[in-house]
**Student:** 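Following this message is one structure expressed as structure tokens.
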Number of protein chains: 2
Amino acid sequence: MSTFEKELKNVKSCSSEFILAVNDTLNVLNGKWKLPIIGTLLFGKKRFREMERCIPNITARMLSKELKELELNGMVKRTVYDTIPVCIEYELTKSGKSLTLVLDSMAVWGLRHRKIAMTSEKA
Amino acid sequence: MSTFEKELKNVKSCSSEFILAVNDTLNVLNGKWKLPIIGTLLFGKKRFREMERCIPNITARMLSKELKELELNGMVKRTVYDTIPVCIEYELTKSGKSLTLVLDSMAVWGLRHRKIAMTSEKA
DNA sequence: CCGAATCCGTGGGGATACTG
DNA sequence: CAGTATCCCCACGGATTCGG
């Protein structure tokens, strides 16, 4: 029995804890911009402006706010370089990178479900 | 290479599609109540009142609205029995049940991350 | 018992302008 | 370049009431 399976068994033994744990994950991803932000950082460090250009329609205000939240949640690491003008880089932490496992399963489910919905086999 | 891995490779080849697919999944789960509702239905069919009692603090209005959305999304099946008074049962569809794979990975990540956050090893 | 309809408050998020 | 400050709108969700 893998570590993953053991953890899972422990979680499912109490459904409310299960819900809480899933909610924790949902909260990290919630809002309109968290996902695109994490998405762009999956390919490596980026600067603020760079991210603003990468993510369609995001405003500086939103980018700033979301990055701050992600930093508080320990998903993103912010590094300031004392150049002139200052250069600030954002990158995913270990926790942030580990989200890819979750994101992958969500992506696969999303695609499968879209196919099912399109062929209207809804049951 | 498994079916899962093949699908995943296809998704990741285009990052915007990856984001879209994840967003689809997020949208199915979004809002305050979707998750608790799916959670209670994981253990089998339930009637409206039953669910209302199972889910702390939910109002009938919210339960009704969320169930309707979940039905539209093809996650929940609604069955009306012509008894007096009418008896209506809700259950997860195949798509709904298949969400458990995603939910499981989210739960495990949530727990791991909570542990990390508590020992304040945020990087 | 199972909802639908209505009213309403809160806050997430957009637009714009400004600072160090 | 890397953000803040301010204003404003509207969708989410709560409370309550009514109907089949």
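Scope of the values below: all heavy atoms of this structure, side chains included, with no hydrogens, waters or symmetry mates. Letters A, B, ... are given to chains in the order of the sequence lines, protein chains preceding strands, and every chain is numbered from 1.
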**Student:** Distance check needed: C/dC1 P versus B/Lys46 NZ, whole Å only.
**Tutor:** 17 Å

**Student:** Please report, rounded to the nearest Å, how far the C1' atom of C/dT19 is from the CZ atom of A/Phe48.
**Tutor:** 14 Å

**Student:** Tell me whether the OP1 or OP2 atom of C/dC18 has a side-chain N or O from A/Arg61 closer than 4.0 Å.
**Tutor:** no

**Student:** For the helix from C/dC1-D/dG20 to C/dG20-D/dC1, what is the angle between the axes at its two ends, each from 5 pairs, rounded to 10°?
**Tutor:** 40°

**Student:** Could you check how far CD of B/Glu89 sits from C1' of C/dG3, rounded to whole Å?
**Tutor:** 16 Å

**Student:** Which heavy atom of B/Ile88 sits nearest a heavy atom of B/Arg78, and at what distance?
**Tutor:** CD1-NH2, 3.4 Å

**Student:** Per the salt bridge (Lys or Arg N to Asp or Glu O under 4.0 Å) rule, what does the pair list look like for residues 22-37 of chain B, sequence neighbours excluded?
**Tutor:** A/Arg114-B/Asp24, B/Lys34-B/Glu69

**Student:** Measure the distance from CG on B/Asn30 to C1' on D/dA11 and round it to the nearest whole Å.
**Tutor:** 11 Å

**Student:** Between A/Ile88 and B/Gly31, name the one whose nearest nucleotide on DNA chain D is closer to the 5' end.
**Tutor:** A/Ile88

**Student:** Evaluate the criterion side-chain contact (heavy atoms from CB on, under 4.5 Å) for residue pair A/His113 and B/Met75; output intermediate values, then yes/no.
**Tutor:** CA-CA 10 Å; A/His113 176 252; B/Met75 295 301 104; 3.1 Å; yes

**Student:** Please tell me if A/Ser64 has a side-chain N or O lying less than 4.0 Å from either OP1 or OP2 of D/dT4.
**Tutor:** yes

**Student:** Give B/Tyr81 one of three labels, base, sugar-phosphate or nothing, depending on what nucleic acid heavy atoms sit under 4.0 Å from its own.
**Tutor:** nothing

**Student:** For C/dC1, does OP1 or OP2 lie under 4.0 Å from any side-chain N or O of B/Arg49?
**Tutor:** yes

**Student:** To check you understand the geometry: which heavy-atom pair defines the closest contact between B/Leu63 and B/Phe48, and what is its length?
**Tutor:** CD2-O, 3.6 Å

**Student:** Which atom pair, heavy atoms only, marks the closest approach of A/Cys54 to A/Pro56?
**Tutor:** O-CD, 3.3 Å

**Student:** What is the distance, to the nearest angstrom, from the CG atom on A/Asn57 to the C1' atom on C/dA15?
**Tutor:** 13 Å

**Student:** It should be established whether A/Tyr90 places a side-chain nitrogen or oxygen under 4.0 Å from OP1 or OP2 of nucleotide D/dC1.
**Tutor:** no

**Student:** What is the minimum heavy-atom distance between B/Phe18 and A/Leu103, and which atoms define it?
**Tutor:** CZ-CB, 3.8 Å

**Student:** Could you say whether A/Glu66 or B/Lys68 is positioned toward the 5' end of DNA chain C, judged by the nucleotide with the nearest heavy atom to each?
**Tutor:** B/Lys68

**Student:** May I ask whether B/Leu20 and A/Phe43 are part of the same hydrophobic cluster, defined by side-chain heavy atoms of I, L, V, M, F, W, Y residues being less than 4.5 angstrom apart, directly or through others?
**Tutor:** no

**Student:** Over how many whole Å does the gap from B/Arg78 atom CZ to C/dA4 atom C1' extend?
**Tutor:** 12 Å

**Student:** Hey, which of these two, B/Glu50 or A/Val86, hits DNA chain C nearer its 5' end, going by closest nucleotide?
**Tutor:** B/Glu50

**Student:** Could you give the CD-to-P distance, from B/Glu52 to D/dA15, as a whole number of Å?
**Tutor:** 12 Å

**Student:** When you measure from the side chain of A/Lys65, which nucleotide among C/dG14, C/dG13, C/dC1 comes out closest?
**Tutor:** C/dG13

**Student:** Rounded to whole angstrom units, what separation is found between the NZ atom of B/Lys34 and the P atom of D/dC12?
**Tutor:** 9 Å

**Student:** Using a strict threshold of under 4.0 Å (side-chain N to carboxylate O), is an ion pair present between B/Arg49 and B/Glu52?
**Tutor:** yes

**Student:** Does A/Thr59 place a side-chain N or O at less than 4.0 Å from the phosphate oxygens OP1/OP2 of C/dA15?
**Tutor:** no

**Student:** When you check the phosphate oxygens OP1 and OP2 of D/dA2, does a side-chain N or O of A/Arg47 lie under 4.0 Å from one of them?
**Tutor:** yes

